[in-house]
J.: 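For reference, the structure I am asking about is given below.
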Amino acid sequence: QVQLVQSGGGSVQAGGSLRLSCAASGYTYSRYYMGWFRQAPGKEREGVAFFDTNGNYTYYSDPVKGRFTISQDNAGNTMYLQMNSLKPEDTAMYYCATTPGWYGGRWPLKQEYNYWGQGIQVTVSS
């Protein structure tokens, strides 16, 4: 049974940094995608950072590009989202997600992610 357990959220002032962690257990796939999503109140869940183990590719949404970094530890058990230069508009519930396999050169859609973390709040004050 796959479980993703998140940690590392909290409150920070604008310009500060936070690192989110997502520890995976029961995950035995060698080829998979990782993603970080966020959802602000009244808004749809949006993807912000993605990692493809099929070629070690990364992708970032425009609002976070240059400020956020997605990574994983050497064992592939934990993925991270390093968030720097945080802005009030980054305030949201953040979710990690993963899905196994190969999507033929495209990034999986949000609904194609099979496993999700429990979500963690990030609040950035001005």
J.: Is there a donor-acceptor contact under 3.5 Å from the side chain of Asp73 to the main chain of Asn77?
T.: yes

J.: For the pair Tyr60 and Thr69, evaluate side-chain contact (heavy atoms from CB on, under 4.5 Å) and give the outcome as yes or no after the intermediate values.
T.: CA-CA 8 Å; Tyr60 298 94; Thr69 304; 3.8 Å; yes

J.: Could you tell me whether the side chain of Thr123 and the main chain of Thr91 form a donor-acceptor pair under 3.5 Å?
T.: no

J.: Looking at Tyr27, Tyr115, Tyr29, which hits side-chain hydrogen bond (donor to acceptor under 3.5 Å, both in side chains) with Thr98?
T.: Tyr27

J.: Which class fits the ring pair Trp116 and Phe37: parallel under 30°, tilted 30 to 60°, perpendicular over 60°?
T.: tilted

J.: So if you build clusters from Ile, Leu, Val, Met, Phe, Trp, Tyr with side-chain heavy-atom gaps below 4.5 Å, do Tyr113 and Val2 land together?
T.: no

J.: Counting distance only, does the side-chain N/O of Asn54 pair as donor-acceptor with the main-chain N or O of Gly101 below 3.5 Å?
T.: yes

J.: According to a hydrophobic-cluster definition based on side-chain heavy atoms being under 4.5 Å apart (Ile, Leu, Val, Met, Phe, Trp, Tyr only), do Leu18 and Val124 belong together?
T.: yes

J.: Is there side-chain contact between Gln82 and Leu20, with heavy atoms separated by less than 4.5 Å?
T.: no

J.: Are Met79 and Met93 connected into the same hydrophobic cluster when the rule is that any two of I, L, V, M, F, W, Y join if their side-chain heavy atoms are below 4.5 Å apart?
T.: no

J.: Can Asp90 and Arg38 be counted as an ion pair, charged N to O under 4.0 angstrom?
T.: yes

J.: Any non-hydrogen side-chain atom of Tyr57 less than 4.5 Å from a side-chain atom of Phe51?
T.: no

J.: Evaluate whether atom CD of Gln1 has more than 12 neighbouring non-hydrogen atoms of other residues, nucleotides or ligands under 6.0 angstrom away.
T.: no

J.: Has the side chain of Ser21 got a donor or acceptor atom that lies under 3.5 Å from a matching backbone atom of Tyr80?
T.: no

J.: Could you tell me the separation between the CD atom of Glu46 and the CH2 atom of Trp36, rounded to the nearest 0.5 Å?
T.: 14.5 Å

J.: Listed by chain and number, what are the side chain to side chain contact (heavy atoms under 4.5 Å, CB included) partners of Asn114, not counting sequence neighbours?
T.: Thr99, Pro100

J.: Can you see which heavy atom on Ser126 is nearest to which on Ala14, and at what distance?
T.: CA-CB, 4.3 Å

J.: Would Phe50 and Thr58 count as a side-chain contact (heavy atoms from CB on, under 4.5 Å) here? Give the steps.
T.: CA-CA 5 Å; Phe50 302 92; Thr58 57; over 6 Å; no

J.: Working to the nearest 0.5 Å, report the span between CD of Gln118 and SG of Cys22.
T.: 8.0 Å

J.: Just checking, Arg45 and Tyr95: is the charged tip under 6.0 Å from the six-membered ring centre and within 45° of the axis?
T.: yes

J.: Work out which heavy atom in Met34 is nearest to a heavy atom in Ser71; give both atom names and the distance.
T.: CE-O, 4.0 Å

J.: If we ignore hydrogens and angles and just use 3.5 Å, is the side chain of Gln6 paired with the main-chain N or O of Tyr94 as donor and acceptor?
T.: yes

J.: Taking atom NZ of Lys87 and atom OG of Ser85, what is their separation to the nearest 0.5 Å?
T.: 8.0 Å

J.: Test of understanding: clusters of I, L, V, M, F, W, Y form through side-chain heavy atoms closer than 4.5 Å, transitively. Do Ile120 and Phe68 belong to the same one?
T.: yes

J.: Same cluster or not: Tyr33 versus Leu4, using hydrophobic residues (I, L, V, M, F, W, Y) connected whenever any side-chain heavy atoms lie under 4.5 Å apart?
T.: no

